[in-house]
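Note sheet for the following structure.
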Amino acid sequence: FGRYLRDMLGVALVAFALMSLLAILEYVYNQTFNLGTQNADPAFLSGAVLVFIASWLTLWFGLGSMLIIAGIGYFGYSLLRRDETEVRWGRIIAIELASLLTVGLFAASSGNDLYLAESGLAGGRLGWGLTTLMWRYMGTIVGTLVIFISWALAVATGFGLWTKLETWLLQLAGEAPAVVEATPVSLQVEEEQAVVEESAKAAAPRKKAPQLPPEFRTSLKSSSKKEE
């Protein structure tokens, strides 16, 4: 039952991500060409609920709302996968930080225009607030460089680019990197191996207890004669 529930949740999240993506694209299209949302037909690509979700996400995250929808869709896809791999929380946190800094870059690239942020474009309110904070205390150029460098470091950590960079530097220096072959083992295979080992131990013949020598054995007949 748990497997079917997980599959249903995964399919629902993937479907929700796809429908939300269509709603966000329609909303951004209407805002870009000044069509507005009051004249848009909500039954064209999405319902009224999806229009509300798209408008709320784009208002706060701007174009970065697509990254949130992509994360929801990937989470649904991971639920549908049969192999259960280890979750690397460090990379997940780094990707979330990179997504946050991405909306800041969107806002900085558009000149940190408040009108665009309120229209659901560029980096939204969140990107506008992050860029405004950095520009106020560090200046326009230095603040933008800090956001970009932090974004690059977060992306490299989230996607595991440091290992590839280390390999490239070793090849550039003429040293061959150490090759480690590892076969991923899923949790389900490990559980099956544990069950097989336990069943093998249970089916193993028990050792017989050592027999006592005849002189140390008690005789029932002798004890009965003594009682008489």
Show the nearest heavy-atom pair for residues [X] and [Y], with the distance to one decimal.
X	Y	answer
Ala122	Leu116	CB-CB, 4.4 Å
Ala117	Gly124	CB-O, 3.4 Å
Gly73	Val14	O-CG2, 3.7 Å
Leu100	Leu130	O-CD2, 3.9 Å

Would you say the side chain of [Y] lies within less than 4.5 Å of the side chain of [X], judging by non-hydrogen atoms?
X	Y	result
Ile69	Leu18	no
Leu13	Leu9	yes
Val146	Met138	yes
Leu67	Thr102	yes
Asn112	Thr140	no

Quick one: pull up [atom1] in [X] and [atom2] in [Y] and give me the separation to the nearest 0.5 Å.
X	Y	atom1	atom2	answer
Tyr115	Ser110	OH	OG	13.0 Å
Gln171	Glu166	CD	CD	11.5 Å
Ser20	Ile72	OG	CD1	6.5 Å
Arg81	Leu79	CZ	CG	11.0 Å

Using the rule that two of Ile, Leu, Val, Met, Phe, Trp, Tyr join whenever any of their side-chain heavy atoms come within less than 4.5 Å, decide whether [X] and [Y] are in one cluster.
X	Y	result
Leu22	Tyr77	no
Leu126	Leu114	no
Val103	Leu133	no
Leu105	Val142	yes
Phe148	Val155	yes

Test item: [X] side-chain N/O and [Y] main-chain N/O as donor-acceptor pair under 3.5 Å:
X	Y	result
Thr131	Trp128	no
Ser78	Phe75	yes
Ser65	Phe61	no
Ser55	Phe52	yes
Asn30	Glu26	yes
Arg125	Leu59	no

Applying side chain to side chain contact (heavy atoms under 4.5 Å, CB included) to Met66 and Ile24, what does each step give before you reach the verdict?
CA-CA 8 Å; Met66 297 182 185; Ile24 290 174; 4.1 Å; yes
Hey, mind stepping through Leu50 and Phe16 against side chain to side chain contact (heavy atoms under 4.5 Å, CB included) and telling me if it holds?
CA-CA 9 Å; Leu50 290 178; Phe16 173 77; 4.1 Å; yes
Contacts of type ring-ring contact (aromatic ring centres under 6.0 Å, His included), residue Trp135, not counting sequence neighbours
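Residues passing ring-ring contact (aromatic ring centres under 6.0 Å, His included) with Trp135: none at all.
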Shared-cluster residues of Ile141, by chain and number - hydrophobic side chains joined below 4.5 Å:
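Same cluster as Ile141: Leu145.
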Taking it one step at a time, do Ile149 and Leu153 satisfy side chain to side chain contact (heavy atoms under 4.5 Å, CB included)?
CA-CA 6 Å; Ile149 293 173; Leu153 294 176; 4.2 Å; yes
